[in-house]
Amino acid sequence: MALLRPLISRSLEALYPGVKFGIGPNIENGFYYDVDFGDQPFDGAALEKVEQKMVELAKAKNAYQRQAISKEEAISYFKEKNDPYKLDLLEGLEDGSITFYTQGNFVDLCRGPHIPHTGFIKAIKLLNIAGAYWRGDETRPMLTRIYGISFPKAKELQEYLTKLEEAKKRDHRKLGRELELFTFSEKVGMGLPLWLPKGTLLRERLIQFMKRAQDKSGYQQVTTPHIGHKALYETSGHYEKYGKDSFQPIHTPNEGEEFLLKPMNCPHHCEIYKHKPRSYKDLPVRYAEFGTVYRYEQSGELHGLTRVRGFTQDDAHIFCRPDQVKEEFIKVIDLVLYVFKALGFEDYTAQISLRDPENKTKYIGEDEAWNKAEASIIEAAAERGLKTVTELGEAAFYGPKLDFMVKDALGRKWQLGTIQVDYQLPERFKLEYVGADNQKHRPVMIHRAPFGSLERFVAVLIEHCAGNFHYGYLLSRCVFYRFQRNIRTMPKRYVPIWKMRILSERSTTETRRSDVKSVMQK
RNA sequence: GCCGACGUAGCUCAGGGGUAGAGUACUUCCUUGGUAAGGAAGGGGUCACGGGUUCAAAUCCCGUCGUUGGCUCCA
C-alpha cells in the first residue's frame, strides 16, 4: 500500500500547495498518511476530491523509479524542499540504505518495493481523518491523519465497504440502546454505565454461568467493600503507581481519613487471606468475587462499554505454593478456554505480556521473581498448546500476564480474559503459610478474570452475535438465554430476554437442537 | 488529557439570523385473519448548557459539558 503514498502526495500537492508529509505506513486494514496542511482547512468532505484526483493520477500509469541516494544528498533535497518531517525521519536512517522513489514528478523517501506502475491501482477509498501527533508525541505538531484503503479490483472495495456497514450495525453502543440493555447519563457521569433491566438480566446470566464453572473448579466466593483505606493501596503499590491519575481520595469529615474507590480487588483479597494463619495443606486458596472497581480513565479513551470508569470484574485470586503455580495456571487457562468455547469465541489470540527489558523502572519487584513468573506463564501456555504472541512492555506493573484478546465488530482488538502471576503483592502484604518444615513461607498469587470485565465482555458478546442472543444457545448447559431484536421478524418461540429463564441441562439440549434448526432455516 | 468533527422530538436525521420540520416510535379512533398492514387525528423539543454580537440567535462568535474519530494512557 506504500504504493499509494506518491498518489496521495501528488494529489494533495496539487489541491493544497505547500502541504508537508509525515509518515504513511500500511496498517492492518489499508493505510494512513500523516499530513501537515499548515493553515489550510481540511475536513472529511475534502476527502472525496482528493480521492478523485488520485484515481485520475493512477490512470496515467506512471512508473515508479527506484534510486539509491546518499544521506547527505537526501538531506539537502528535503532541506531545499523545506520538509521538516522527512528530515526528522532521515536522522534515524543509515547512510547507504536510503532509497528514493520517483513517480511522475514526485520524489519521495521510501523503502519500497513498489509495483511497476500505478495502473494496477483500481479502487481507492479514503475513509476518514483524525488528528495525530508527529511521532505520537504530544509536544510535537499535530498532523492530519488520513485513513484509506485500496484494492486491485473495484468489487473487492465494494465488498469491504459493505463489510464496514455491517460492522456498524453490530456496534454494541447502537444495539445496546435499541435492545435496552444499558444507557449512560451525563448527570451520573461519563463512562459510568447504567444497566437497564434487560441488560442486568444478561449480566446475571453470565455471572451465574461463571459461578457454576468456578464452583466446579474449587473457587470460593467472597465479598468486599467498594472503598478501601488509602494505606491499603500504599501497601499494594497501586497508590504510588496510579494515585495521581486515579479518582482522588474520599475524606472522612471528622477523623480526616482518606479512602479510595477500589481500582482492583486484590488488596482486599490479600487481607482476607491474612485473616487467619495458613498451612501448606490449605493451599491453593481461591477467592472469587464479582467486584466492581473504579478507574479514572482519560476522558478521550472512554468508549461505550469497552472502556468505562466503573466496571465489574469476574475477579479471583489464587494463593498457592510456588510448586503449585504452573498447575494452577494451567487450570485457569482451561477455565478461560471453557468459557470462550461455551460462548462461541473462536477468534481470539493469547498474548504473553512480559516486562520491557529496556525500562525496568516501570515495574516493582526483583528480577528473580519476574523471571520465575515469566517462565511459568510461558511454560503453562506451551503445555496447553496455546498459539501465543509475546509483547514486551505489556506486563502489569507487578507481574507478567497472559491476556486473551478478541476483536470487536469494527476490528478493534480488546483484551478480555487475563491471567497474571504475581510474586510482589504477597511480599508487600507479607502473606504467609506454614510449610511442612514448620517454617513460614510466602505464597504466590495468581490474578485471573476470564471475562475480564462484564461490561467489556457484554460489549464484545453483543457484537459477536449481532444482538441476536438466541445464538446464546452456545452458552448451553447451565444457561440458555435468547431474545429478539424485533418481535415481528422473529419466530414466536424466541422469547424476550425479560422472560428468559434458566433451563435444566436436559431441556436445554433439546431446545438447543430445535433452536439451531430454526436459526439455520432463517 | 491532546487535536479534529459533532450535539435539533424516544430513535434516524433535514433545515438554518425573524419565535421549529420529516420519517419512525408513542397515544386515541377507524380499517384489516396474518408475520415490521393501511388510514385519520393527536401528544411530545426554552434546537446540550452558559455568555456575547444583533432590533431579532436554534442559526454567527466565545466558553462549558457531552458524544465521536484518532493520539497518548490502560492496575
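The sequence lines fix the lettering, A, B, ..., with proteins before strands; numbering per chain opens at 1.
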Whole angstrom value for the distance that separates C1' of B/G69 from CG of A/Asp171: 13 Å
Closest nucleotide among B/G70, B/G1, B/G66 to the A/Tyr147 side chain: B/G70
B/U12 and B/U19, which share atom name C1', separated by this distance in whole Å: 26 Å
Atom P, compared across B/G34 and B/G15: separation rounded to whole Å: 40 Å
C1' atoms of B/U24 and B/C62, separation to the nearest Å: 37 Å
Whichever of A/Met190 and A/Arg309 has its nearest RNA chain B nucleotide further upstream toward 5': A/Arg309
Sugar-phosphate only, base, or nothing, as touched by A/Arg177 at under 4.0 Å among non-hydrogen atoms: sugar-phosphate
Proximity to the side chain of A/Arg145 - top-ranked nucleotide from B/G66, B/C74, B/C71: B/C71
Note: A/Lys163-A/Glu166 ion pair, threshold 4.0 Å (strictly below): no
Spacing of the C1' atoms in B/G38 and B/C6 (rounded, Å): 38 Å
Euclidean distance, atom CG of residue A/Leu127 to atom P of B/G70 [Å, nearest integer]: 11 Å
Value in whole Å for how far the P atom of B/C71 lies from CG of A/Leu302: 16 Å
Atom pair distance, as rounded to whole Å: OH in A/Tyr242 and C1' in B/C73: 9 Å
Whole angstrom value for the distance that separates P of B/C74 from CG of A/Leu416: 19 Å
A/Arg173, nearest nucleotide to its side chain (from B/G1, B/U12, B/U68): B/U68
d(CH2, A/Trp414; C1', B/C73) in whole Å: 13 Å
Interatomic distance at P, B/A36 relative to B/A41, whole Å: 26 Å
Mate of B/A48 where both pairing distances stay under 3.5 Å, Watson-Crick or G-U: B/U64
Gap in Å between the two P atoms, one belonging to B/G21 and one to B/C3, rounded: 39 Å
Sugar-phosphate only, base, or nothing, as touched by A/Ser246 at under 4.0 Å among non-hydrogen atoms: base
Base partner of B/U27, which must satisfy Watson-Crick or wobble distances under 3.5 Å: B/A41
Integer-rounded Å distance: B/U68 P and A/Gln298 CD: 16 Å
Row check, A/Phe319 ring normal vs A/Arg286 NZ/CZ: under 6.0 Å, within 45°: no
Closest-nucleotide ordering on RNA chain B, the 5'-leading residue of A/Gly304 and A/Ser299: A/Ser299
Near-ring test A/Phe340/A/Phe404, centroid separation under 6.0 angstrom: yes
Gap in Å between the two P atoms, one belonging to B/C11 and one to B/C49, rounded: 15 Å
N/O (side chain, A/His303) to phosphate O (OP1/OP2, B/G70) under 4.0 Å: no
Check: A/Phe345 ring centroid to A/Phe457 ring centroid under 6.0 Å: yes
B/U35 - base-pair partner by Watson-Crick or wobble geometry, distances under 3.5 Å: none
Sugar-phosphate, base or nothing in reach of A/Glu186, heavy atoms under 4.0 Å: sugar-phosphate
Any side-chain donor near an acceptor of the partner, A/Glu289 and A/Thr224, under 3.5 Å: yes
NZ/A/Lys413: more than 12 non-hydrogen atoms of other groups inside 6.0 Å: no
Pairing of A/Glu178 and A/Lys174 as salt bridge, 4.0 angstrom limit: yes
Base paired to B/A58 (Watson-Crick or G-U; both N/O distances under 3.5 angstrom): none
Complementary nucleotide for B/U19 - Watson-Crick or wobble, under 3.5 Å: none
Atom C1', compared across B/A37 and B/G33: separation rounded to whole Å: 12 Å
Sugar-phosphate only, base, or nothing, as touched by A/Tyr32 at under 4.0 Å among non-hydrogen atoms: nothing
Base B/C74 paired with A/Arg295 side chain (donor-acceptor, <3.5 Å): no
For atom CG of A/Asp245 and atom P of B/C74, their distance in whole Å: 9 Å
